[in-house]
Amino acid sequence: MKTIVTFGEIMGRMASPANLRLRQTRDFEITYAGAEASVAASICNFGGKSRYVTALPKHALAEACMDSLRAVGIETDSVLRTDKGRLGLYFLETGANQRPSNVIYDREDSAVAITPADQYDWEGIFDGAQWLHLSGITPALSMNAAEATLVAAQKAKAAGALVSIDLNFRGKLWKWDASKSTRELAQETMCQILPFIDVVIANEEDCHDVLGIQAGDTDVHSGSIDTSRYPDVARQLVKQFPNVSKVAITLRESLSASHNNWGAVLYDAKSDTPHFAPLDGDGNYQSYEIKNIVDRVGGGDSFAGGLIFALTTPELNEPSSAIKYAVAASCLKHSIKGDFNFSTRAEVEALMGGSASGRVVR
């Protein structure tokens, strides 16, 4: 089994307990997470091998980050420890019903943001690696982080690895060039990275925000989406970047902060075929209905981790199977507190097989 590499920033997650608002709480629940670290965690929890690459300062909180990675089996030998920069933070207020969740970032001058691309040992990082996963969050942090993301993709391709990226547009970031709007900077930067990408992962809004591609008149804030439009979104993306072999788009219908419908489509460019999941008994798309969401942060990352694991596992790598696995894995993540998906492969495959009642396993 070869290694899957992820590169990005891990932060301290400062969450208000239960559903308290940030201004109400005086005690925070502290964990450590970031998009690419969450993908690596999923892969390890499913039985795969992952190596995480980041830059962290030399202090006890960074050691706690390292401990959280090692605890799920992530290889950390390529984590760069620096004398400059800080540990990034984000503060999470978990919404409920009609009140949305809210995130406040505190990531300026973090170790990843200030570390130049040439400080990483890319040759060693990709030794024995078959895949690199990136996200659009890391290049949003700084010019240095954007350059490092681009170099990582280039070095991975040179080493013969496949490269995936989750577009992950974050409107609260992308501030490092004041001469451009957040969307302009995101589009300009990501269009430099995408020529080196094999698999693109996005949600309903990312393709529009980053590439100007929209699913017709679909309004993601209305609580319903027109799934028939998304294969065309994928085709438009592949037309712009013909190096892309697969496009996965998650389909989230947000009825409230606590109640979402969840599914996805995987477009295979070679066969020009979209594969939806989940399906009903007649083979038609029918989303998972997720009521009483425990924690939706990390849901997209659990999808990416499930997809990459499936695509690199021989018995799961057919597009129709891979998308079913990814959607089931990310559905289960919505029931788990924290960013990491602690679901096992057996649990994911049980849901794929129709075991959705939540009955006690004795």
Is it true that [Y] and [X] share a donor-acceptor pair across their side chains at a distance under 3.5 Å?
{"X": "Asp226", "Y": "Ser228", "value": "yes"}
{"X": "Ser42", "Y": "Asn45", "value": "no"}
{"X": "Asp67", "Y": "Tyr32", "value": "no"}

Distance in Å, [X] [atom1] paired with [Y] [atom2], rounded so as to fall on 0.5 Å steps:
{"X": "Thr94", "Y": "Leu22", "atom1": "OG1", "atom2": "CG", "answer": "9.0 Å"}
{"X": "Ser287", "Y": "Leu251", "atom1": "OG", "atom2": "CG", "answer": "8.5 Å"}
{"X": "Phe7", "Y": "Thr138", "atom1": "CZ", "atom2": "OG1", "answer": "6.0 Å"}
{"X": "Ser245", "Y": "Tyr267", "atom1": "OG", "atom2": "OH", "answer": "11.0 Å"}
{"X": "Ile104", "Y": "Asp106", "atom1": "CD1", "atom2": "CG", "answer": "9.5 Å"}
{"X": "Leu194", "Y": "Gln187", "atom1": "CG", "atom2": "CD", "answer": "11.0 Å"}

Indicate yes or no: does [X] engage [Y] in a salt bridge with an N to O separation below 4.0 Å.
{"X": "Arg235", "Y": "Asp232", "value": "no"}
{"X": "Lys333", "Y": "Asp301", "value": "no"}
{"X": "Arg99", "Y": "Glu93", "value": "yes"}
{"X": "Arg183", "Y": "Asp209", "value": "yes"}
{"X": "Arg86", "Y": "Glu9", "value": "no"}

May I ask you to decide if the ring planes of [X] and [Y] are parallel, tilted or perpendicular, using 30° and 60° as cut-offs?
{"X": "Phe309", "Y": "Tyr325", "result": "tilted"}
{"X": "Tyr90", "Y": "Tyr105", "result": "tilted"}
{"X": "Tyr120", "Y": "Trp122", "result": "tilted"}

Hey, is CG on Asp118 packed in by over 12 heavy atoms from elsewhere, all under 6.0 Å?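 Atom CG in Asp118 is crowded, with more than 12 foreign heavy atoms closer than 6.0 Å.
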So for atom NZ, which belongs to Lys172, do other residues, nucleotides or ligands contribute more than 12 heavy atoms lying within a distance under 6.0 Å?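 Correct, the count exceeds 12.
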[X] (side chain) donor-acceptor with [Y] (main chain) under 3.5 angstrom:
{"X": "Gln240", "Y": "Leu237", "value": "no"}
{"X": "Arg26", "Y": "Arg23", "value": "yes"}
{"X": "Thr313", "Y": "Leu316", "value": "no"}
{"X": "Thr3", "Y": "Ala129", "value": "no"}
{"X": "Thr189", "Y": "Ala186", "value": "no"}
{"X": "Asp177", "Y": "Ser179", "value": "yes"}
{"X": "Ser258", "Y": "Asn97", "value": "yes"}
{"X": "Asn260", "Y": "Trp262", "value": "no"}
{"X": "Ser110", "Y": "Leu87", "value": "no"}

Can you list the steps and then say if Leu173 with Lys175 is a side-chain contact (heavy atoms from CB on, under 4.5 Å)? CA-CA 6 Å; Leu173 302 176; Lys175 306 292 186 184; 5.7 Å; no
Can you list the steps and then say if Lys324 with Glu349 is a salt bridge (Lys or Arg N to Asp or Glu O under 4.0 Å)? CA-CA 9 Å; Lys324 289 177 184 176; Glu349 291 181 337; over 6 Å; no
Same cluster or not: [X] versus [Y], using hydrophobic residues (I, L, V, M, F, W, Y) connected whenever any side-chain heavy atoms lie under 4.5 Å apart?
{"X": "Met143", "Y": "Phe169", "value": "yes"}
{"X": "Val72", "Y": "Ile30", "value": "yes"}
{"X": "Val103", "Y": "Phe340", "value": "no"}
{"X": "Val39", "Y": "Met66", "value": "no"}
{"X": "Phe91", "Y": "Ile10", "value": "yes"}

Qualifying residue, where the test is side-chain contact (heavy atoms from CB on, under 4.5 Å) with Trp131 and the options are Thr312, Asp198, Val5, Thr6: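 It is Thr312; the other options fail the test.
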With Asn317, which residues qualify under side-chain contact (heavy atoms from CB on, under 4.5 Å), at least two apart?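 Here no residue qualifies.
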side-chain contact (heavy atoms from CB on, under 4.5 Å) partners for Asn203, two or more places apart: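 Asn203: side-chain contact (heavy atoms from CB on, under 4.5 Å) contacts with Glu205, Asp206, Thr250.
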With a 4.5 Å cut-off on side-chain heavy atoms, are Pro274 and Tyr230 touching?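 Tyr230 vs Pro274: side chains apart.
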Derivation of the side-chain hydrogen bond (donor to acceptor under 3.5 Å, both in side chains) call for Tyr285 and Asp280: CA-CA 6 Å; Tyr285 175 73; Asp280 63 18; over 6 Å; no
Show, in sequence, the C-alpha distance, side-chain angles and deciding distance for Ser343 and Asn341, and conclude whether the side-chain hydrogen bond (donor to acceptor under 3.5 Å, both in side chains) test is met. CA-CA 6 Å; Ser343 302; Asn341 186 7; 2.8 Å; yes
Test side-chain contact (heavy atoms from CB on, under 4.5 Å) applied to Asp77 and Val79, step by step: CA-CA 6 Å; Asp77 292 349; Val79 172; over 6 Å; no
If you apply the rule side-chain hydrogen bond (donor to acceptor under 3.5 Å, both in side chains), what do you find for His275 with Ser320, and how did you get there? CA-CA 6 Å; His275 301 268; Ser320 59; 4.8 Å; no
Could you walk me through whether Glu36 and Ser135 pass side-chain hydrogen bond (donor to acceptor under 3.5 Å, both in side chains), step by step? CA-CA 7 Å; Glu36 303 85 357; Ser135 86; 2.5 Å; yes
Does the pair Val238 and Lys246 meet the rule for a side-chain contact (heavy atoms from CB on, under 4.5 Å), with working shown? CA-CA 8 Å; Val238 172; Lys246 291 180 175 64; over 6 Å; no
For Val163 and Leu134, run side-chain contact (heavy atoms from CB on, under 4.5 Å): C-alpha distance rounded to whole Å, both residues' side-chain angles, the deciding distance at 0.1 Å, then the answer. CA-CA 8 Å; Val163 185; Leu134 304 165; 4.1 Å; yes
How close do Phe126 and Ala159 get, counting heavy atoms only, and between which atoms?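 In this case the closest contact between Phe126 and Ala159 is CB-CB, 3.9 Å.
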Distance-minimising heavy-atom pair for Trp174 and Gly136: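 Reported closest heavy-atom pair: CZ2-O, 3.5 Å.
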Of the options Arg70, Lys49, Arg51, which is the one that meets Glu75 in a side chain to side chain donor-acceptor pair (under 3.5 Å)?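 The passing option is Arg51.
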List for me each residue that meets salt bridge (charged side-chain N to carboxylate O under 4.0 Å, His left out) alongside Glu318, sequence neighbours excluded, and say none if there are none.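 Scan of Glu318 (salt bridge (charged side-chain N to carboxylate O under 4.0 Å, His left out), adjacent residues dropped) gives none.
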Decide yes or no on salt bridge (Lys or Arg N to Asp or Glu O under 4.0 Å) for Arg13 and Asp339, but give the supporting numbers first. CA-CA 9 Å; Arg13 164 178 150 153; Asp339 284 47; 2.6 Å; yes
